[in-house]
Amino acid sequence: MASPLEHYVNTVRTMSAAGNFRDLVEYLNESVELLTRNINILDNVLETLDKQNHSLGFLYVIATKLNEIQNEDPEPILKLVKEFVTLCNGEQVRNAPQNYFDLFHNYTNLLVKRKLNTTQGIPILTIAIEKIQLMESQLTPLHADLCQLCLCSKIFKPALHFLDIDITTIASSEEHQDATTKYFLLYYYYGGMVYTAVKNYDRALYFFEVAISTPATAMSHIMLESYKKYILVSLILRGKQITIPKYSPQVITRFIKPLSQHYHELSNVYINNGSPDAVRSVMTKYQETFIRDNNMGLVKQVLSTLYKKKIQRLTKTFLTLSLSDVASRASLSGPAEAEKYILNMIKSGEIFAVINQKDGMVIFHDDPEKYNTPNMYLKIQEDMNKVIELNKKITKMEEKIMLTPMFVKKSTLPESAVDDKGYPSEACE
């Protein structure tokens with residue numbers, strides 16, 4: 001082993017044993033070039049370090065190896081990352097959060113770009129998030145990586161475990177704010193896609209809304225793609241295009257619409273015309289764009305909701321109707337397709353009806369829910385408890401903000417001494 005690497009190992013061991021992690025991180029940051037120069041013999045270094053007791057030193061070595069991987073077999077480094085995340089000390093790695101995040105960003109990119117088995121990365125990212133989190137409601141940049149792997153694998157339950165938890169704080173690195181912003185947007189973009197995949201459109205719409213309304217001085221590609229899906233999901237869920245929040249950054253409201261003209265045309269035809277043929281014509285006209293944006297599946301669901309809306313209108317007018325009449329009035333191809341739509345809508349609770357198979361008649365019913373059952377009482381009680389808990393969190397966050405130096409300084413200054421963004425002007429500093 002080369003002498004500089006021996007010094008590296010000894011320093012890691014000594015400082016780790018003393019619990020002097022801040023100084024150790026400074027030393028490790030200065031040693032990155034040393035590790036890169038000796039990339040071919042870093043396995044010798046790993047053999048002398050313990051994954052749990054020397055987690056920081058181990059982290060920097062495997063991060064260097066993963067960052068420098070070329071065309072060699074990825075299995076050894078993937079195995080190494082798995083062993084590390086299982087055994088590493090969370091308290092130690094929290095002293096170098098950005099290096100820890102970068103390790104798993106590169107790990108995710110390796111799996112995705114080389115088209116490896118992305119399923120194997122899901123439990124690894126799950127453990128990695130839990131190791132670095134201070135609380136389960138803390139968002140980390142690794143949440144986006146987990147969502148990406150779940151989307152690639154089409155296994156959504158592990159991502160939903162985290163997505164269903166409302167975020168109250170964000171883990172970030174002060175030296176890499178741009179990276180934090182990128183992964184914040186990716187989390188809400190990928191999260192919206194996960195919720196869309198499981199047909200939880202209400203939650204999906206919220207996630208895309210957060211992505212496009214995040215304060216920004218320039219529009220990112222993530223925001224643009226989120227906006228396109230925001231339009232489609234709003235049509236599926238509400239039957240109309242929901243305007244973006246007023247507090248969205250001006251750069252978004254000014255530039256995002258001209259870059260989404262095809263989606264706006266689809267929305268206008270859907271809302272103003274309401275004809276499936278007209279919607280299908282727009283789909284065909286801009287098919288290449290929708291396919292390129294990976295939104296063709298959502299666009300087809302927009303067309304499907306148009307048929308469903310027509311069927312729902314029929315339930316308000318008729319008590320019974322033949323499948324042939326349903327097909328004719330809803331612009332469907334025939335009784336078979338009408339039956340398929342009605343059965344799916346009954347299953348999802350969108351309508352309440354019974355199909356008489358003998359004579360091909362559909363009997364529509366009113367919603368049987370009277371909101372007077374014990375289960376409904378428990379649900380209302382549960383929802384009330386959630387609102388009370390949310391109110392407590394908001395009050396706690398408000399108290400915390402009111403004690404920050406910037407808020408105190410701003411609240412005690414006259415309006416003329418504060419700039420357009422709410423910060424003290426240079427004249428007052």
Surrounding [atom1] of [X] (heavy atoms of other residues, nucleotides or ligands, distance under 6.0 Å), is the total greater than 12?
| X | atom1 | answer |
| --- | --- | --- |
| Lys309 | NZ | yes |
| Glu136 | CD | no |
| Lys310 | NZ | yes |

* Do the side chains of Leu185 and Thr214 get nearer than 4.5 Å, heavy atoms only? ->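 Yes, side chains in contact.
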Checking [Y] against [X]: is there a side-chain donor and acceptor pair closer than 3.5 Å?
| X | Y | answer |
| --- | --- | --- |
| Ser333 | Glu337 | yes |
| Thr168 | Ser137 | yes |
| Thr64 | Asn67 | no |
| Glu389 | Asn385 | no |

* To do: Find the distance between CG (Leu80) and OH (Tyr107) and round it off to the nearest 0.5 Å.
  =>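 Here the interatomic distance stands at 11.5 Å.
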* To do: Describe, in one word, how the ring planes of Phe162 and His143 are oriented to each other, choosing from parallel (under 30°), tilted (30 to 60°) and perpendicular (over 60°).
  => perpendicular
* Could you check whether the rings of Tyr183 and His105 sit parallel, tilted or perpendicular, using 30° and 60° as the cut-offs? =>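 The rings of Tyr183 and His105 lie parallel, inter-plane angle below 30°.
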Contact summary for [X] and [Y], nearest pair of heavy atoms:
| X | Y | answer |
| --- | --- | --- |
| Ile346 | Ala353 | CD1-O, 3.3 Å |
| Leu163 | Cys147 | CD2-SG, 3.9 Å |
| Leu111 | Gly121 | CD1-CA, 3.8 Å |
| Asn89 | Glu91 | OD1-N, 2.8 Å |
| Val93 | Ser55 | CG1-CB, 4.1 Å |

* To do: May I ask you to check whether Tyr286 and His262 place their ring centers less than 6.0 Å from one another?
  =>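 Yes, ring centres under 6.0 Å apart.
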* To do: Establish, yes or no, whether a centroid distance under 6.0 Å links the rings of Phe207 and Tyr187.
  =>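 Under 6.0 Å, so yes.
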* Step by step, would you call Tyr227 with His264 a ring pair (Phe, Tyr, Trp, His ring centres under 6.0 Å)? -> CA-CA 11 Å; Tyr227 180 69; His264 279 283; 5.7 Å; yes
* Assess whether salt bridge (Lys or Arg N to Asp or Glu O under 4.0 Å) is satisfied between Arg203 and Asp166, documenting all intermediate values. => CA-CA 11 Å; Arg203 189 75 171 165; Asp166 290 324; 3.4 Å; yes
* Answer yes when Asp164 and Lys157 have at least one side-chain N-carboxylate O distance shorter than 4.0 Å, and no when they do not. => no
* Do Glu33 and Arg37 sit within salt-bridge range, that is, some charged N less than 4.0 Å from a carboxylate O? -> yes
* Asked: Which of these passes side chain to side chain donor-acceptor pair (under 3.5 Å) with Asn295: Lys228, Lys229, Lys300?
  ->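 Single side chain to side chain donor-acceptor pair (under 3.5 Å) partner of Asn295 among Lys228, Lys229, Lys300: Lys229.
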* Ser153 side chain vs Leu149 backbone, donor-acceptor pair below 3.5 Å -> yes
* Glu382/Lys386 under salt bridge (Lys or Arg N to Asp or Glu O under 4.0 Å): CA gap, chis, key distance, verdict -> CA-CA 6 Å; Glu382 184 182 334; Lys386 286 181 180 178; 3.8 Å; yes
* Can you check side chain to side chain donor-acceptor pair (under 3.5 Å) on Ser322 and Asp325, steps first, answer last? -> CA-CA 5 Å; Ser322 69; Asp325 284 339; 3.2 Å; yes
* Candidate list Thr118, Ile124, Ile122, Asn117, test side-chain contact (heavy atoms from CB on, under 4.5 Å), partner Gln120, passing option -> Asn117
* Under the side chain to side chain donor-acceptor pair (under 3.5 Å) rule, what do Asp202 and Tyr195 come out as? Steps first, then yes or no, please. => CA-CA 8 Å; Asp202 193 38; Tyr195 277 122; over 6 Å; no
